[in-house]
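Both backbone and side-chain heavy atoms feed into the values below; hydrogens, waters and symmetry mates do not.
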Amino acid sequence: MRLDGKVVVVTGGTRGVGAGVTRAFAEAGAQVVTCARRPPEVPLPGAEFRPLDLRDPAAVRNFFAALPRLDVLVNNAGGTPYRRLTDADAERHARVIELNLVAPLTASLAAYEHLERSRGSVVMIGSVSGGRPSPGSAAYGAAKAGLENLARSMAVEWAPRVRVNTLVVGMVRTELSHLHYGGEEGIASVSRTVPLGRLAEPSDIGAAAVFLASDAAAYISGASLHVHGGGERPAFLDAATVNKEA
């Protein structure tokens, strides 16, 4: 799938999943602009970096107003540290929700006029955490659940000129994987819980994002595409004492 001549903004597109998405769009021929508070440690070929704090609504509006054109917005910026609910006050949890839900709303509204003119699309980077209990990252899970619902509402309100979809992302191997799963032994152990036997690579998420933004997905809007390697094996299968596989 080619996106030659298309202008794409990837928020938080400088590392991890965001860098994988940025590379995928650049390889598809798009003109990619990434934005984050800090520049990438390693320059990303085919992408232009512009500094932006996505939690500053005025700065976000100015950023999009300065663009001459926009065809695709990928709301990728987000994340959270491991933090149990009672280990922080509500204000700190609210900042997680602000980054993962309010910031994508702010960016989408700021980008709307561009996208309406170009008949473009929005790709939300969601998470499986939004569809199941998320102990240790409850505010993040709540924000991602809200993001998926927001995308479905946007898809209806902004149709037919702007498509909006969500990638529901499972576990991804990035430079920060050790913070969530441990070292190589922990990553290997977690990988065995995934039906496809491995964590996703950022390039897997990038390829799916390019698909949703391309003409191949021209009739897909308001959808949630799960990119999670088959999901999670139900825990009861391993806990039960009958019906074991040989």
Side-chain angles (χ1 to χ4, degrees), residues 10-24 34 36-42 44 74-89 92-101 103 124-148 166-209 224-241 244-245:
V10 181
T11 69
T14 59
R15 65 179 184 177
V17 169
V21 171
T22 295
R23 291 189 189 97
T34 65
R37 288 186 297 169
R38 292 180 292 274
E41 294 181 2
V42 178
L44 297 169
V74 182
N75 280 309
N76 166 78
T80 185
Y82 181 87
R83 181 183 294 131
R84 300 186 73 85
L85 282 169
T86 54
D87 290 341
D89 56 28
R92 178 163 289 190
H93 292 302
R95 286 197 287 273
V96 173
I97 295 172
E98 180 185 21
L99 176 61
N100 290 279
L101 177 57
M124 304 291 197
I125 303 299
S127 170
V128 294
S129 294
R132 56 156 170 74
S134 190
S137 57
Y140 173 81
K144 291 299 188 180
L147 185 68
E148 194 172 351
T166 304
L167 285 180
V168 182
V169 176
M171 296 177 288
V172 185
R173 180 164 187 152
T174 71
E175 61 268 35
L176 299 180
S177 293
H178 64 283
L179 299 178
H180 298 279
Y181 315 124
E184 289 301 319
E185 183 178 350
I187 291 171
S189 180
V190 171
S191 295
R192 288 192 289 272
T193 72
V194 179
L196 288 189
R198 66 175 178 88
L199 304 188
E201 296 293 336
S203 58
D204 294 316
I205 314 306
S224 297
L225 175 60
H226 288 70
V227 187
H228 58 13
E232 299 174 357
R233 179 179 170 85
F236 80 86
L237 292 175
D238 298 317
T241 58
K244 295 291 188 180
E245 295 180 8

I need the minimum non-hydrogen distance between [X] and [Y], along with the two atoms involved.
X	Y	result
Ala145	Gly130	CB-O, 3.2 Å
Ala77	Gly12	CB-N, 3.8 Å
Ala209	Val21	CB-CG1, 4.3 Å

Interatomic spacing from [atom1] in [X] to [atom2] in [Y] - rounded to 0.5 Å:
X	Y	atom1	atom2	value
Leu196	Ser191	CG	OG	11.0 Å
Leu99	Tyr140	CG	OH	9.5 Å
Ser189	Tyr181	OG	OH	12.5 Å

Pairwise side-chain contact, [X] with [Y], heavy-atom cut-off 4.5 Å (strictly under):
X	Y	answer
Val128	Val168	yes
Lys144	Met124	no
Arg23	Leu44	yes
Val17	Asn76	yes
Met171	His180	no
Pro202	Val172	yes
Thr193	Arg233	no

Any residue meeting side-chain contact (heavy atoms from CB on, under 4.5 Å) with [X], in chain and number order, not counting sequence neighbours:
X	answer
Pro39	Phe49
Arg38	none
Leu85	His93, Ala138

Could you note down all residue pairs passing salt bridge (Lys or Arg N to Asp or Glu O under 4.0 Å) where residues 172-193 supplies at least one of them, sequence neighbours left out?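 Non-adjacent pairs meeting salt bridge (Lys or Arg N to Asp or Glu O under 4.0 Å): Arg173-Glu184.
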Which residues pass the ring-ring contact (aromatic ring centres under 6.0 Å, His included) test with His228, sequence neighbours left out?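 Here the qualifying residues are His226.
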Kindly say whether Val96 contributes a backbone atom to a donor-acceptor pair with the side chain of Asn100 at under 3.5 angstrom?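 A pair under 3.5 Å: yes.
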Under 3.5 Å, is there a donor-acceptor pair between the side chain of Asp204 and the main chain of Glu201?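 Yes, the answer is positive, given that a donor and an acceptor are paired below the 3.5 Å cut-off.
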So, Thr166 and Glu148: side-chain donor and acceptor under 3.5 Å apart, yes or no?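 The criterion, which ignores hydrogens and geometry beyond distance, is not satisfied for Glu148 and Thr166.
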Counterpart residues, side chain to side chain donor-acceptor pair (under 3.5 Å), relative to Ser137 (two or more places apart):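 Listed in chain order: Ser134.
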Assess whether a salt bridge exists between Asp89 and Arg95, defined as any Lys/Arg side-chain N lying under 4.0 Å from an Asp/Glu carboxylate O.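 A salt bridge is absent here (no side-chain N lies under 4.0 Å from a carboxylate O).
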Please step through side-chain contact (heavy atoms from CB on, under 4.5 Å) for the pair Leu199 and Val190, ending with a clear verdict. CA-CA 8 Å; Leu199 304 188; Val190 171; 4.0 Å; yes
If you apply the rule side-chain contact (heavy atoms from CB on, under 4.5 Å), what do you find for Thr11 with Val74, and how did you get there? CA-CA 6 Å; Thr11 69; Val74 182; over 6 Å; no
